[in-house]
Novice: 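Quick one: the structure is below, questions incoming.
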Amino acid sequence: MDRQLDTKYDPTEVEGGLYRSWEDRGFFRATAETAQSPYVIVIPPPNVTNVLHMGHGLNNTLQDVLIRWRRMQGYDALWVPGTDHAGIATQNVVEREISESGLTRMDLGRDAFVERVWEWVDEYGGRIIEQLKAIGCSCDWERTHFTLDEGLSRAVREVFVRLYEKGLIYRGRYIINWCPRCATALSNEESEHREHEGGLYHIRYPLADRADHFVEVATTRPETMLGDTALAVHPGDERYAELVGSEAVLPLVGRHLPIVADHYVDPEFGSGVVKVTPAHDPNDFEIAGRHDLPAVDILTDQARISDQAPETYRGMDRFEARRRVLEDLEREGALIRTDKHMHSVGHCYRCDTVVEPRLSLQWFVRMEPLAEPALRAYREGKLRFHPERYGRIYEHWMENIRDWCISRQLWWGHRIPVWYCRDESCGEMVVSREDPDECPGCGAALVQDPDVLDTWFSSWLWPFSTLGWPDDTPDLRAFYPTSTLSTAAEILFFWVARMVMAGYEFMGDLPFTDVLIHGTVRDHLGRRMSKSLGNGIDPLEVVELFGADAMRFTLMRGAPLGTDLQLNYEDLDSAFRVGRNFANKIWNASRFSLPYLTEQDTGSLAGQQLELSDRWILSRLEHATRDVTAALEEFRFQEAAELLQGFVWNEYCDWYLELVKGRLDGGRGEASRAAAAGTLAFVSRGWLRLLHPIMPFLTETLARKIPGESDETTLVMGPWPIATGEWSDPEAEGALAELQEFVGVVRNLRSEYNVDPGARVPVHVRIQSDSLALALQAEQDGAFRLARIGELGDIAPQDAGEPGAHAVLRSGSEVFLPLTGVIDLDQERARLESEIERLEKLLRGAWAKLENPSFLERAPAEIVEREREKAMSLGEQRDRLVGKRSELGSAAP
RNA sequence: GGGCGAAUAGCUCAGCCUGGUUAGAGCGCCUGCCUUACAAGCAGGAAGUCGGGGGUUCAAAUCCCUCUUCGCCCACCA
């Protein structure tokens, strides 16, 4: 009934089915055996616990654009998908779930808990894959991997053993970041520092041999004093020189603390005396190492006070203990004062709990040897970052690389392949690719290390483990190294840098050549999208409302590389309108043009009597092809999208379609019709292809409607249009530029229209282009002039002055270009005035410049010439407007 | 404490590397149009001291210095 509905593009109708048909026909598959020129992307594996948010939407759209584009170009494009087991995150989710029935993982026991996590993963883990399909990602799903699946687990174990055998993995007691909520160690990267206002507490420690003398010590974490085992001063600090070697007494505890001299201490800061807490501060730990001091770990795994501390504090939460320690110090008169103090505090990147630096026995990877080739690859230009500045950040991190704590006190993850002999007197430790049965030293039973590996210890192998490593597979030979890696800046260190290191270490080559860093999607307050803030935008909701193509196009248009982009849920409609409107425009343009085409029209353009407008749009397509290709080559997605929008909307729709309207129905003869139809088919095929990587569903749907194309037609497999230069046509472009100016003249005409001031007169302009002919129709009577038209060089008005008459420049068919407008003469006069004023100002500037001797002497000749021409044209414009003004003036009463 | 980025129209952003048209786009806004592909449209229009200051230059949104505001990253000063 409602015909208007048909005029709207309904993406949901086509997207799902189309995707399945692509998938069913294996278009996304790559074959190693036949791959000649591979183009490979490995997906940053989303956490299995994740649901898609707009950040994924952006990242995966970028990757899909690249993959689809390269595939069309004839590359053997492979996009390897998969998910990450995300140790802590996933374990947390399942722990939370079982806690609803009052259970902890301890209640279940390790095996049952892990089983439970697997069940969870099996049930929900695939969601994100389905979501990626919904936004059109053309991954090779048959190569989907999971960081905890069998092959990748084998790779992880192989890597662990190799690094261990090479001496690059070691176990030791060091200060690590401990998350008390997750009850596990974290790597440095997993501890996020945030500024925090806390107190700087000044405490007096009495000297052991002179009880009435004190030294002042400042700390931000007073509860850690329970674990103090020394005080330290700078060796050159004269104030304390005589104290070195003597002892102080630890308040509240009574332990005697040696006073040592160490260069670490900054005599300028505070009192110049530092309390040394080796178990809870990395610097103190090092001081302790240099001075052979004991470490007292005063915290339990849950960050409660341990039994290493005086009884009164035991079992207290660390923050409660802090209050109590301060109260007790105050009562004893040992708290001198409290200053406000800004300092940065580490937080767990998964649960945001404040982490504690804590002495702990953990496994580490020695990173420096691995960093060396990774650093060199960047410096030699083999590894490129886009935008470039991220390369310097990478370089800085690599130069200051620190060992990587890889053990985690979790149950969900890759178990550390290390076994210890049950017989403590034997002390044997086995690091093995296969599970050993008994101690090779004494034959006793073995017990496996209870810990699992950092989740990134499997992700860092992703570019080659997904291709079959450690086996020498055809995939690995064909597709490694990969091409482009696309990700957000936040996992540059976690993942990107480590992949480069692993690539060199285990494959002898870098894992990818180009790293694309896109911006973070934020809300209007600049906050990252997150579930907890509730500001996330679900791409599926956007797909439902606007379609996947609209979402993809909008993201491409608004996402310059490396710059964050702001999206707000409230502005969803206004934000994605860009893409939706464009999709609709394309839909309607095709709805108009395609029915005119016959099968014969879709053949070669050779032999057609192409007219000016045909040659023009072909030429413009040529430019668009070249520019879009160049933009994609340099990862300028925003520009590619903008170019396509400009071409399709402003050139193809606004001009070409209007210009051929009169020809397609055969009104100007068969030759003209055929030329128009042929051009239309050719040009449509061209820009549908150029647009396909960004808007795959819509373009494919429309391409299949081109007569002569069967349902088997697919843009997915290409070919990508090539700018051959064949259609570059300066003459056509010049003529169309003239036509555009012609429309400008029409605008001027309206202002010169001889009507009463304030009258509103719709003016229809009839243009015969190709022929640059023009007609004006007045819908009400009145004199009708075409005076200005004659100024357009060739245009020779015929029958000027007659309503409905038209002027013909060259022979050609007539097209109808409606340019309806309303003129308010007063307004027009005011506009003219300000325009003249502006021009005169510019003119004065231009002449001043041209009279400036230093400009004439120093500026390059071509610049001077350009400026001279500019001044001339400004003068002409001014004169024309002045003339117009006087005409208008005469029209006024 | 170091480093990086951003600041251009009401909003979201291009342009800056490589200085030289009247600084652009989309959205929004105003005016007029349901013109036979599209009102998710068409035709017009208003709107910017390019964050402030200084410098280089014949010429600066663009290069240099500096300041301010916002954001990010790195860092073991208790």
Side-chain angles (χ1 to χ4, degrees), chain A residues 4 7-9 175 193 200 217-221 224 232 264-266 268-271 273-277 281-286 341 343-344 357 387-390 392-393 396-397 400 489-490 492-493 520 522 524 526 546 550 554 557-560 562-568 571 573-575 577-595 638-639 642 645-646 653-654 657 661 743 747 750 760 762-764 816-824 827 831 838-839 842 849 852-860 862-864 866-867 869-870 873-874 877:
Chain A
Q4 276 195 322
T7 68
K8 304 255 194 293
Y9 171 54
I175 300 280
H193 287 261
L200 182 60
V217 166
T219 180
T220 54
R221 293 188 296 154
T224 64
Y264 161 73
V265 181
D266 176 3
E268 303 292 318
F269 188 90
S271 63
V273 185
V274 175
K275 63 192 268 303
V276 180
T277 320
D281 183 284
N283 300 306
D284 294 5
F285 177 74
E286 286 183 14
H341 184 67
H343 60 134
S344 67
E388 286 175 14
R389 64 174 181 274
Y390 285 102
R392 293 193 295 276
I393 296 173
H396 181 256
W397 185 81
N400 297 285
E490 56 231 43
L492 190 58
F493 306 136
T520 306
R522 298 176 184 280
H524 63 300
F546 305 99
T554 303
R557 270 241 38 188
T563 305
D564 292 353
L565 83 162
Q566 290 198 18
L567 271 183
N568 202 18
D571 304 333
D573 194 62
S574 125
R577 187 168 289 177
V578 179
R580 183 197 56 183
N581 291 4
F582 186 43
N584 191 56
K585 184 73 178 178
I586 290 167
W587 175 259
N588 278 298
S590 305
R591 212 165 58 91
F592 162 72
S593 63
L594 295 180
Q638 181 177 0
E639 193 181 319
E642 209 171 326
Q645 190 184 22
C653 292
D654 286 354
L657 288 187
K661 272 180 179 171
V743 172
R747 286 178 206 145
R750 295 188 323 184
R760 298 180 153 197
V763 181
H764 294 267
F816 187 66
L817 180 62
L819 292 171
T820 318
V822 169
I823 308 143
D824 179 325
Q827 204 182 324
R831 193 185 66 82
R838 199 177 59 81
L839 281 172
L842 287 169
K849 189 182 271 189
N852 181 339
S854 53
F855 172 69
L856 294 173
E857 281 167 30
R858 301 206 198 165
E862 59 184 70
I863 298 288
V864 174
R866 201 191 301 169
E867 290 298 312
E869 282 169 15
K870 192 170 96 186
S873 110
L874 284 173
Q877 279 180 55

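So you know, we letter chains A, B, ... as the sequences are listed, proteins then strands, and number each from 1.
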Novice: Please give, in whole Å, the distance from B/G41 P to A/K585 NZ?
Specialist: 7 Å
Novice: Assess whether side chain to side chain contact (heavy atoms under 4.5 Å, CB included) is satisfied between A/K275 and A/T224, documenting all intermediate values.
Specialist: CA-CA 9 Å; A/K275 63 192 268 303; A/T224 64; 2.8 Å; yes
Novice: Considering only atom P, compute the distance from B/G32 to B/C72 and round it to an integer number of Å.
Specialist: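 About 46 Å, rounded to a whole number of Å.
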Novice: Look at the side-chain N and O atoms of A/N581 and state whether any lies under 4.0 Å from the OP1 or OP2 oxygen of B/G41.
Specialist: yes
Novice: Where the side chain of A/R557 is concerned, which of B/C73, B/A25, B/C76 is the nearest nucleotide?
Specialist: B/A25
Novice: Starting from the 5' end of RNA chain B, give me the residue, A/S590 or A/W397, whose nearest nucleotide shows up first.
Specialist: A/S590
Novice: Considering only atom C1', compute the distance from B/C11 to B/G48 and round it to an integer number of Å.
Specialist: 14 Å
Novice: Without decimals, in angstroms, what is the distance between A/E286 CD and B/A78 P?
Specialist: 16 Å
Novice: Assess the residue pair A/L492 and A/I393 against the criterion (side chain to side chain contact (heavy atoms under 4.5 Å, CB included)); give the C-alpha distance rounded to whole Å, side-chain angles, the decisive distance to 0.1 Å, and a yes or no.
Specialist: CA-CA 9 Å; A/L492 190 58; A/I393 296 173; 4.0 Å; yes
Novice: Which nucleotide, B/G26, B/A78, B/A43, lies nearest any side-chain atom of A/D654?
Specialist: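 Of all the options, the side chain of A/D654 is nearest to B/A43.
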Novice: Describe, in one word, how the ring planes of A/W587 and A/Y9 are oriented to each other, choosing from parallel (under 30°), tilted (30 to 60°) and perpendicular (over 60°).
Specialist: tilted
Novice: Look through every strand shown and name the nucleotide pairing with B/C70 as Watson-Crick or G-U wobble, where both distances are under 3.5 Å.
Specialist: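 By the stated definition (distances under 3.5 Å), B/G5 pairs with B/C70.
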Novice: From the options B/A14, B/C38, B/A78, select the nucleotide whose nearest atom is closest to the side chain of A/E642.
Specialist: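 For A/E642, the side-chain atoms sit closest to B/A14.
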Novice: For atom P, what is the distance between B/U66 and B/G5, given to the nearest Å?
Specialist: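 Straight-line distance between the two P atoms is 14 Å.
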Novice: Just how far, in rounded Å, is P of B/C76 from CG of A/D266?
Specialist: 16 Å
Novice: What is the nucleic acid contact for A/H193, judged by heavy atoms within less than 4.0 Å: base, sugar-phosphate only, or nothing?
Specialist: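 No contact.
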Novice: Between B/C38, B/A25, B/G5, which nucleotide gets closest to the side-chain atoms of A/R591?
Specialist: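 For A/R591, the side-chain atoms sit closest to B/C38.
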Novice: Specify the separation, in whole Å, of atom OH of A/Y390 and atom P of B/C4.
Specialist: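 It works out to 13 Å between those atoms.
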Novice: Output the single nucleotide from B/C74, B/C77, B/A40 whose closest atom is nearest the side chain of A/H396.
Specialist: B/C74
Novice: Nearest-Å distance, CG (A/L492) to C1' (B/G3)?
Specialist: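 So the CG-C1' distance, A/L492 to B/G3, works out to 14 Å.
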Novice: Taking all non-hydrogen atoms of both residues, which atom of A/A232 and which atom of A/V276 are closest, and how far apart?
Specialist: CB-CG2, 3.8 Å
Novice: Write down the distance separating the C1' atoms in B/C42 and B/G52, rounded off to the nearest Å.
Specialist: 43 Å
Novice: Which value, in whole Å, describes the distance between the C1' atoms of nucleotides B/U22 and B/U12?
Specialist: 25 Å
Novice: Applying the side-chain contact (heavy atoms from CB on, under 4.5 Å) test to A/F546, which of A/D573, A/N584, A/T554 qualifies?
Specialist: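 Of A/D573, A/N584, A/T554, side-chain contact (heavy atoms from CB on, under 4.5 Å) with A/F546 is met by A/D573 alone.
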Novice: How close or far is atom P of B/A39 from atom CH2 of A/W587, stated in whole angstroms?
Specialist: 14 Å
Novice: Check every atom of B/C74, B/A78, B/G5 against the side chain of A/R392 and return the nucleotide holding the closest atom.
Specialist: B/G5
Novice: For A/F582, answer base if it contacts any base atom (sugar-phosphate contacts may also be present), sugar-phosphate if it contacts only those atoms, and nothing otherwise; contact means non-hydrogen atoms under 4.0 Å.
Specialist: nothing
Novice: Please give, in whole Å, the distance from B/C74 C1' to A/H343 NE2?
Specialist: 18 Å
Novice: B/U56 pairs with which nucleotide, Watson-Crick or G-U wobble, both distances below 3.5 Å?
Specialist: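 Partner of B/U56: none found under 3.5 Å.
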Novice: Is there a Watson-Crick or G-U wobble partner for B/G19 with both distances under 3.5 Å, and if so, which one is it?
Specialist: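 When the pairing criteria are applied, nothing turns out to pair with B/G19, so the answer is none.
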Novice: For atom C1', what is the distance between B/A25 and B/C50, given to the nearest Å?
Specialist: 16 Å
Novice: Would you sort out whether A/R221 and A/T277 count as a side chain to side chain contact (heavy atoms under 4.5 Å, CB included), showing the intermediate values?
Specialist: CA-CA 11 Å; A/R221 293 188 296 154; A/T277 320; over 6 Å; no
Novice: What's the closest nucleotide to the A/N588 side chain, out of B/A78, B/C38, B/C74?
Specialist: B/C38
Novice: Quick check for you: among B/C73, B/G26, B/C27, whose closest atom lies nearest to any side-chain atom of A/Q645?
Specialist: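 Ranking B/C73, B/G26, B/C27 by closest atom to the A/Q645 side chain puts B/G26 first.
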Novice: What's the gap between B/C34 and B/A39 when it is taken at their P atoms, as a whole Å value?
Specialist: 13 Å
Novice: Quick one: look up who B/G44 pairs with, Watson-Crick or G-U, both distances under 3.5 Å, and put none if it's unpaired.
Specialist: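 Pairing partner, where one exists within any strand: B/C30.
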Novice: Categorize A/S344 for me: base, sugar-phosphate, or nothing, with a 4.0 angstrom heavy-atom threshold over every strand shown.
Specialist: base
Novice: Tell me which nucleotide among B/A78, B/C38, B/A14 gets nearest to the side chain of A/H341.
Specialist: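 Nearest to the side chain of A/H341 among the choices is B/A78.
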Novice: What integer distance in Å separates A/N400:CG from B/G3:P?
Specialist: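 Result: 14 Å.
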Novice: Kindly indicate, with the supporting measurements, whether the criterion side chain to side chain contact (heavy atoms under 4.5 Å, CB included) is fulfilled by A/L856 and A/V864.
Specialist: CA-CA 7 Å; A/L856 294 173; A/V864 174; 3.9 Å; yes
Novice: Of the listed nucleotides (B/C73, B/A78, B/A37), which one gets closest to any side-chain atom of A/I393?
Specialist: B/C73
Novice: Please check if atom NE2 in A/H396 has more than 12 non-hydrogen atoms from other residues, nucleotides or ligands closer than 6.0 Å.
Specialist: no
Novice: Take A/E490 and A/R577, find for each the nucleotide of RNA chain B with the closest heavy atom, and name the residue whose nucleotide sits nearer the 5' end.
Specialist: A/R577
Novice: Under a 3.5 Å cut-off for both distances, is B/U12 Watson-Crick or wobble paired, and to whom?
Specialist: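 When the pairing criteria are applied, B/A25 turns out to be the nucleotide that pairs with B/U12.
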Novice: Which value, in whole Å, describes the distance between the P atoms of nucleotides B/A23 and B/A6?
Specialist: 23 Å
Novice: Contact class for A/V578 vs. all strands (heavy atom < 4.0 Å): base, sugar-phosphate, or nothing?
Specialist: sugar-phosphate
